[in-house]
Amino acid sequence: MNEEVKYSPHDIERKWQNEWFDNNVFHTVMNRQRPEYYVLEMFPYPSGNLHMGHVRNYSIGDVVARFKTMQGFNVLHPMGWDAFGMPAENAAIKNGIHPAKWTWENIKNMRRQQKELGLSYDWEREVATCHPDYYKWTQWMFLLFFERGLAYKKKATVNWCNDCNTVLANEQVIDGRCWRCDSEVVKKDLEQWFFKITDYAERLLQDLDELKGWPDRVKIMQENWIGRSEGAEFSFDVPDVNEKIPVYTTRQDTVFGVTYVVLAPEHPLVEKLIAGKSTAQPVRDFIERVKKQSEINRTSNEAEKEGMFTGAYAVNPFNNERVPIWIANYVLYDYGTGAVMGVPAHDERDWQFATKYQLEKRFVIKPHDAKHDIQSMNEAYDGPGIMMNSGEFSGMDNEKGKQEIVQWLEDNGIGKRRINYRLRDWLISRQRYWGAPIPIVYCPNCGTVPVPDQDLPVMLPENVDFAAGSVSPLAQVEEFVNCTCPKCGGQARRETDTMDTFICSSWYYMRYTDPRNADKAFDSNKVNYWMPVDQYIGGIEHAILHLLYSRFFTKVLKDANLLNVNEPFKNLLTQGMVIKDGAKMSKSKGNVVSPEEIVGRYGADTARLFILFAAPPERDLEWSDQGVEGSFRFLGRLWRIVTHFNQYIDGHLNDYDPTVLSKEEKDLRRILHATIKKVTDDISQRFNFNTAISAIMELVNYLYAFKELNLVPNSALMKEVIAGLLRLLAPFVPHITEELWNQAIGQGSVHNQSWPAYDQEAIKVDEVEVVVQINGKVREKIILPVGIDAKEMEQAALGLEKVQALISGKQIVRVICVPQKIVNIVVK
RNA sequence: GCGGGAGUGGCGGAAUUGGCAGACGCACCAGACUUAGGAUCUGGCGGGUGACCGUGGGGGUUCAAGUCCCUUCUCCCGCACCA
């Protein structure tokens, strides 16, 4: 036995990586001869080091990329850097390193780590969002949005993070806290730039239906976030001050149950309503108190509903009844009209509020089933029913009533149908340095002026004080701020805020299709050839943020005829987290396993194999050091068995006649082809890499059993088997398979081979094992020819000695025969 | 509260269409080889050790249920006063 050469991953991994990357073998160009396939992993923030989550993300993507390549697709598989953002600036403040230097050094290190994992990226397409050649086009995108009326500036109450010293978009506030640093978000009134994502709310919602390849979970989250509702808007008159209070409701069928009207404390009408009244000062005090409440306290469901009577009255246009006007903390100023009609009998919140302040509850919907007795109800009834005490609408089904009432509103010019969304416009200004400057100039004569295309990019200045506090550091750089107006040439000032980094990441997948274009963001032919991304892979944490923004961008760019796809990501795989000891890996928990260390000890192939084998991709993966050992052991086992059979492989992989093989050889060949079928199905149909790998392990186990037979095997068969095995494993463990391919087969690279096809004939068997059950319990097993009919199966089963013994003296009620599977004899 | 997902050996996980529950791997046990083994190879490995029990619990449909139906418990994730 010649096993003197041991599996030593480091030598062979380095060797093949040099071979691949020096020769650019993963470079892709447009090619209409082959079907295209775009596989993409979410590009990382260059924090400095890869973590296990990255390794998992990229390993999954690499299997898909290599598999599709072997299947004959022209595969685009790029990588780049989401390189603007806070940590670089924090490092600058803390350690005095310039954000650019810090970022580029991190990129260099992480790129090296990625190469050491053997990932098949086309490095010629690498992009970094902080590079002027990239952010030039990010700025160009901003101007495109501006021209189309989708970027605007307004003063608004916005989310402010005191730790990050910047504003945040709604999507970036999680439970009232900053998505990045977890500190509590406060409200500030500031003039800021917004993207009008609300213009696209309906399409963003509707087109979720197109996304058949997305997890339902993500689609539901986006649906909820967009939050569409249908209802009516109409006004309550306030005759005393000659004003109107518009309200929005989805329950216009309950308007006759209104017993009060409530405004949000921020509502601008409040001051007019209370002016000169004895309630004025208490109401003002109350408003101050509510405003001081944190977002977290105020929006919590647990929070006590609090309110105060303004002293003013409004008139219900349906019955001309005067109802009191209140203000309350549970009414949100920035949803609907900032005012609601109070119907305690049919709304849970109103019920609580009315109970607390002893306001009238008037029932106007009678439930269909009599078991709800309106008189003795102790909670609001918000179900369906028949309208009552509702004037001309009484007796109507409430769903019909909704339509009739909104029609009545429109016919009488009092109100109208309204569709409302929870989605807010995207606040994109950031008071930070390390981002793409917003390309706008403020001129005393011309006003807000966009920087002309030929002046892009607006470059970030280098010498900046990063710890500027609550204004953008750029505002302190005189050379940056002072400029000439592009329109009139006069003295002007630049916008000093930078853009939310989510803008940079909203179009990077398009730039990959044409990454070095100096004249355009991308060429239409190229972007249309590659887009949409066929398979996108990343963490669930971007279910709303990045994935919603990217969908929005794609639609705007489509409307601008820059590309012809409606949705950017055809299929989405949300990978699970890598956890250890039951918790997400984190420095604070001290359960971090460094990829660099694992690759250093076992090699990249082992790291990849373990991470792909330990769990299916969508599920969380529990890290196990012993599991890694097991993966390493398997690769050693693979190495030895291939090296062993290598001696029998000789000559070329020519066609041969499988019918001349011995029974043992035929069995081996059958297992090979069954494995090919299983692995192909597992990868292509459902990304179940763990079961694909286990099938390959079984094949290897079988090869060991075959070896034990001590036969001198057919040379062509052994070549077929080893070549098949290595090709099946190549997407998972690219280095060891390349090395063994080189040693055993020796023609070209395993990664240039086509994916193995299975031979139907080889998989066929003459006989199968059939389970014989009596009353559903397994009693015996029997080998039967494949083609026999139910009658013959039954006879064979009944003829068995053991079966005879068990059924003797009993009556056979029924016999169920499932071909090639089971015979169940029912007796009594 | 609403929405989504999950619950299977000591552990990670299989079971794709209702048809042998526990593939594959880890851990563990035994044997072989060996001066030695934490290497490697071979075998065993749900519980009880009789023919019975077993996929969170209870009920149902079926010849047959991890899988379908009803009910219930637990955990995880998302949303959370949106009128």
Side-chain angles (χ1 to χ4, degrees), chain A residues 3 6 174-175 215-221 223-225 227-229 231 247-252 254 262 298-303 305 328-332 334-343 346-350 352-353 382 420-423 540-541 543-544 576-577 609-610 613-616 618-631 633-634 636-637 640 678 681-682 685-686 688 690-698 700-701 704-705 707-708 769-781 806 813-818 820-827:
Chain A
E3 285 185 20
K6 276 183 65 177
I174 316 286
D175 288 336
D216 289 340
R217 179 157 74 127
V218 175
K219 287 189 279 189
I220 289 166
M221 282 165 74
E223 192 181 320
N224 291 340
W225 188 260
R228 183 184 196 272
S229 69
V247 297
Y248 169 74
T249 181
T250 56
R251 289 302 305 272
Q252 59 272 20
T254 65
V262 214
R298 190 170 157 193
T299 59
S300 153
N301 221 2
E302 253 82 295
K305 295 188 186 357
N329 61 348
Y330 75 94
V331 178
L332 305 173
D334 64 354
Y335 181 80
T337 60
V340 301
M341 59 184 210
V343 187
H346 302 291
D347 182 279
E348 197 194 319
R349 296 153 302 180
D350 295 346
Q352 284 176 31
F353 190 75
D382 59 7
N420 218 5
Y421 301 91
R422 289 199 233 180
L423 183 70
I540 187 73
E541 66 273 15
I544 309 273
M577 285 186 301
L609 184 68
F610 169 73
F613 177 62
E618 307 84 357
R619 245 202 265 185
D620 284 352
L621 182 153
E622 173 77 28
W623 184 266
S624 157
D625 290 329
Q626 287 171 327
V628 178
E629 290 274 355
S631 292
R633 226 161 22 225
F634 170 74
R637 217 164 132 75
R640 288 186 295 275
K678 165 116 179 105
D681 290 350
D682 280 353
Q685 288 173 16
R686 40 178 216 162
N688 276 16
N690 55 332
T691 51
I693 291 166
S694 81
I696 297 170
M697 286 174 168
E698 287 183 80
V700 168
N701 290 346
Y704 273 87
K707 178 185 159 199
E708 289 290 300
E769 188 182 70
V770 169
V771 172
V772 180
Q773 295 181 335
I774 295 172
N775 287 344
K777 298 206 194 283
V778 180
R779 294 305 182 205
E780 187 60 292
K781 291 173 186 179
L806 283 162
V813 180
R814 204 175 149 189
V815 179
I816 291 108
C817 296
V818 182
Q820 301 186 40
K821 285 211 168 111
I822 207 160
V823 177
N824 189 8
I825 304 161
V826 185
V827 297

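Chain letters run A, B, ... following the sequence lines, proteins first, then strands; residues in each count from 1.
Across B/G25, B/C77, B/A83, the shortest atom-to-atom separation from the side chain of A/D347 is found for B/A83. Among the nucleotides B/U42, B/A23, B/C20, the one closest to any side-chain atom of A/S694 is B/A23. When distances run from any side-chain atom of A/R619 to the nucleotides B/G13, B/A15, B/C81, the shortest one goes to B/G13. Closest to the A/E698 side chain, of the nucleotides B/A23, B/A27, B/C63, is B/A23. For A/N690, counting side-chain heavy atoms from C-beta on, the closest listed nucleotide (B/G13, B/A83, B/C41) is B/G13. With B/C20, B/C81, B/A27 as the choices, the nucleotide that has an atom nearest any side-chain atom of A/V778 turns out to be B/C20. Taking only side-chain atoms of A/T250, from C-beta outward, the nucleotide of B/A83, B/A27, B/C20 with the closest atom is B/A83. With distances taken from any side-chain atom of A/I220 to the nucleotides B/C24, B/C41, B/G3, the minimum falls on B/G3. Checked against B/C20, B/C41, B/C63, the side chain of A/R640 finds its nearest nucleotide in B/C41. Nearest nucleotide to the side chain of A/Y704, out of B/A15, B/C81, B/U42: B/U42.
When the P atom is used for both B/C2 and B/C20, the distance is 38 Å, rounded to whole Å. Between B/U8 and B/G66, the distance separating the two P atoms is 15 Å to the nearest Å. As rounded to the nearest Å, B/G60 and B/U67 have C1' atoms that lie 15 Å from one another. If you take atom C1' in B/G31 and the same atom in B/C75, they sit 43 Å apart, rounded to whole Å. Rounded to whole Å, the separation between the C1' atoms of B/A14 and B/U74 comes to 24 Å. Only the P atoms considered, B/G18 is 49 Å distant from B/A32, to the nearest whole Å. Between B/G58 and B/G25, the two P atoms lie 34 Å apart (nearest whole Å).
Here A/N701 lies in heavy-atom contact (under 4.0 Å) with sugar-phosphate atoms only. Looking at heavy-atom distances under 4.0 Å, A/K777 makes contact with sugar-phosphate atoms alone, never a base. Looking at heavy-atom distances under 4.0 Å, A/E629 makes no contact with the nucleic acid at all. Residue A/S631 is out of contact with every strand shown, counting any heavy-atom pair closer than 4.0 Å. Within 4.0 Å of A/R228, counting heavy atoms only, lies no atom of the nucleic acid at all. Using a 4.0 Å heavy-atom cutoff across all strands shown, A/S624 reaches no nucleic acid atom at all. In this structure, A/G630 reaches the sugar-phosphate backbone alone: every heavy-atom distance under 4.0 Å involves primed, P, OP1 or OP2 atoms, never a base. Counting non-hydrogen atoms under 4.0 angstrom, A/R422 reaches a base of the nucleic acid. Using a 4.0 Å heavy-atom cutoff across all strands shown, A/K219 reaches no nucleic acid atom at all. When heavy atoms are screened at a 4.0 angstrom cut-off, A/V818 is found touching base atoms of the nucleic acid. Nucleic acid contact for A/P616: sugar-phosphate only, since backbone atoms but no base atoms lie under 4.0 Å from a heavy atom of the residue. Within the 4.0 angstrom heavy-atom criterion, base atoms lie near A/I816. Here A/E769 lies in heavy-atom contact (under 4.0 Å) with a base. Using a 4.0 Å heavy-atom cutoff across all strands shown, A/N824 reaches at least one base atom of the nucleic acid.
Pairing for B/C52 goes to B/G47, judged as Watson-Crick or G-U wobble with the two contacts each under 3.5 Å. Across all strands shown, the partner of B/C68 is B/G60, judged by Watson-Crick or G-U wobble contacts whose two distances both fall under 3.5 Å. Remark: B/G38 base-pairs with no nucleotide; criterion is Watson-Crick or G-U wobble with both hydrogen-bond distances under 3.5 Å. Remark: B/G1 base-pairs with B/C79; criterion is Watson-Crick or G-U wobble with both hydrogen-bond distances under 3.5 Å. A 3.5 Å limit on both hydrogen-bonding distances identifies B/U74 as the Watson-Crick or G-U partner of B/A6.
Listed here is the closest heavy atom pair of A/G776 and A/N824: N-OD1, 3.0 Å. Residue A/Y248 comes nearest to A/G231 through the heavy atom pair OH-N, 3.5 Å, listed as atom of the first residue, atom of the second, then distance. Looking at every heavy atom in both residues, A/F634 comes nearest to A/I696 through CZ-CG2, 4.5 Å.
Of the residues near RNA chain B, A/D350 and A/I174, the one whose nearest nucleotide (by heavy atom distance) lies more toward the 5' end is A/I174. Each of A/R814 and A/D682 was assigned the nucleotide of RNA chain B with the nearest heavy atom; the assignment lying further toward the 5' end belongs to A/D682.
At distances below 3.5 Å, at least one donor-acceptor pair connects side-chain atoms of A/D347 with backbone N or O atoms of A/D350. For A/D620 (side chain) and A/M577 (main-chain N/O), a donor-acceptor pair under 3.5 Å exists by modelled atom type.
Of the N and O atoms on the side chains of A/N224 and A/R422, not one donor lies less than 3.5 Å from an acceptor on the other residue.
Counting heavy atoms of neighbouring residues, nucleotides and ligands inside a 6.0 Å radius, atom CZ of A/R637 exceeds 12 of them.
Atom CE of A/M341 sits about 3.5 Å away from atom OG1 of A/T249, to the nearest 0.5 Å.
Judged by the 6.0 Å distance and 45° axis criteria, A/K305 is not positioned over the aromatic ring of A/F353.
Taking atom CE of A/M221 as the reference point, atom C1' of B/C77 lies 8 Å away to the nearest angstrom. For the pair A/R637 CZ and B/C41 P, the computed distance is 5 Å after rounding to whole Å.
Against the 90° criterion about 0, the sugar-base torsion of B/G9 places it in the syn range.
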